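All values derive from a computational prediction rather than experimental measurement. One-based numbering, in listed order, for ligands and for the atoms of each.
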Amino acid sequence: MNKHNYILGPCAAETQQQVVETANELEAGLGKDFVFRAGVWKPRTHPDSFQGVGAEALSWLMQIQQERGISCATEVATAEHTRLCMEAGLHYIWIGARTVTSPFLVQQIADTIAQSPYRKQLKGVFVKNPVSADLQLWIGAIERVRKAGVEHIAAIHRGFTPTPDSQSEYRNAPIWSIPIELRRLYPTLPIIADPSHMGGRRELLPLIAQQAADLAFDGLMLECHPTPKEALSDHSQQLTPKQLIGLLQQLHWHEQREADHTLLFLRQQIDETDKQLWQLLLRRMQIAKQIGEHKQQQNLPVLQSSRYEEILQKRLQWAEQNGISTDTVKQMMELIHEESVRVQIKK
Ligand code: PEP
Ligand code: MN
């Protein structure tokens with residue numbers, strides 16, 4: 001099995017006893033090979049919600065780190081949080097999803113790291129995705145931290161705020177294509193998944209964690225609490241430390257190996273099919289062009305909505321009959337239609 005990075009612990013550090021108890025149980029099941037997480041300052045939507053204990057909780061984490069040799073991590077949202085963590089000698093910090101949406105704040109955090117006399121003690125920075133599905137904003141934050149001289153950076157995919165019309169059962173649904181694109185652009189950047197904040201509900205965590213392992217993520221961030229139902233934040237998504245250890249034991253990580261003969265054979269068939277798809281697509285475009293010329297001769301408009309609607313409905317029916325996502329097919333047809341319109345209008 002490959003080595004994976006686990007960042008585990010409560011959503012928030014609530015009391016010293018809760019922090020110690022959680023760390024004890026995790027250590028009993030996993031040894032010291034994980035990063036212990038706990039929010040010291042909590043970015044809450046409403047001012048009446050629990051905002052985190054603040055700097056005092058940082059000293060509880062430092063005790064875990066110094067006395068047990070378990071590296072700890074917390075979220076920083078301001079230059080002041082960053083300064084306090086660096087001064088204390090905390091090994092890891094992360095920038096949360098809300099903060100990543102603000103380039104000014106991220107820059108202030110990056111500048112604080114760059115200028116800190118304690119920066120050598122910092123082992124790494126995790127950058128969560130922004131709340132909206134904006135890869136460039138995520139990359140911008142990663143680059144700001146990189147330019148501050150931080151060598152070890154990991155990206156954390158924690159899902160995106162649902163739109164009002166989305167019917168997802170997730171709190172922040174993952175959009176896997178976004179971290180996959182990030183991996184293509186930054187092949188050596190570790191990418192970690194945060195099923196707790198994606199799912200928002202305990203029951204969903206094993207499935208999401210396995211999906212992340214299947215997609216070759218480099219690790220997981222997961223929340224746990226000695227008495228999850230009484231947690232002061234994110235109570236529906238936290239597991240007990242024992243349940244969390246059980247989840248990790250059930251997980252199946254895959255090996256990264258050279259492709260074997262079967263895989264090479266199947267990939268050849270994919271290449272062959274793509275070639276045919278490409279030829280068909282080209283042919284479709286040529287026909288669209290001929291249609292465009294014909295419409296012009298006959299003085300007909302390029303866009304004929306009823307015909308497009310007929311095409312779309314028929315293709316969606318095919319998708320449904322074959323168990324393929326209608327959303328995906330709709331997006332595909334929209335792109336193809338857009339290109340057909342583009343080749344038909346005057347340039
Ligand atoms: C957290 O990790 O507890 C947290 C607040 O996460 P996010 O920034 O992903 O909402
Ligand atoms: Mn949380």
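Using a cutoff of 4.0 Å between basic side-chain nitrogens and carboxylate oxygens, Glu338 and Arg342 are not scored as salt-bridged. Using a cutoff of 4.0 Å between basic side-chain nitrogens and carboxylate oxygens, Lys42 and Asp234 are not scored as salt-bridged. For Glu75 and Arg37, the salt-bridge test fails: no basic side-chain N is under 4.0 Å from an acidic carboxylate O.
Looking at Glu223, its N, O or S atom nearest to the Mn ion (ligand 2) turns out to be OE2. His197 has its closest N, O or S atom to the Mn ion (ligand 2) at the position named NE2. Closest to the Mn ion (ligand 2) among the N, O or S atoms of Asp234 is OD2.
In the vicinity of Arg98, heavy-atom distances shorter than 4.0 Å reach the ligand 1 atoms 7 (P), 8 (O), 10 (O). Numbered from 1 in the order shown, with element, the atoms of ligand 1 that lie under 4.0 Å from a heavy atom of Gly96 read 8 (O). Shown in contact with Cys11 at under 4.0 Å from a heavy atom are these atoms of ligand 1, numbered in order with element: 3 (O).
A donor-acceptor contact shorter than 3.5 Å links the side chain of Asn129 to the backbone of Gly159.
Protein heavy atom closest to atom 4 (C) of ligand 1, with residue, atom name and distance, is His197 NE2, 3.4 Å. At the top of the distance list for atom 8 (O) of ligand 1, counting protein heavy atoms only, stands Ala97 N, 2.9 Å. The protein heavy atom nearest to atom 9 (O) of ligand 1 is Arg158 NE, 2.7 Å. Nearest protein neighbour of atom 6 (O) of ligand 1, counting heavy atoms only, is Lys128 NZ, 2.9 Å. Scanning the protein heavy atoms around atom 3 (O) of ligand 1, the nearest turns out to be Lys42 NZ, 2.8 Å.
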Exercise for the section: Start with the C-alpha distance between His225 and Glu230, add both sets of side-chain angles, then the distance that settles side chain to side chain donor-acceptor pair (under 3.5 Å), and finish with yes or no. Expected result: CA-CA 9 Å; His225 189 286; Glu230 290 160 30; over 6 Å; no
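For Trp176 and Phe217, the ring centers sit closer than 6.0 Å to each other.
Using a 4.5 Å heavy-atom threshold, the side chains of Gln243 and Cys224 count as separate.
The closest side-chain donor-acceptor pair between Gln107 and Arg144 falls under 3.5 angstrom. There is no side-chain donor-acceptor pair under 3.5 Å between Ser132 and Asp134.
Residue nearest to atom 5 (C) of ligand 1, selected from Arg37, Met198, Glu75: Glu75 (by heavy-atom distance).
Taking 4.0 Å as the cut-off, Gly39 does not count as a neighbour of ligand 1 on heavy-atom distance.
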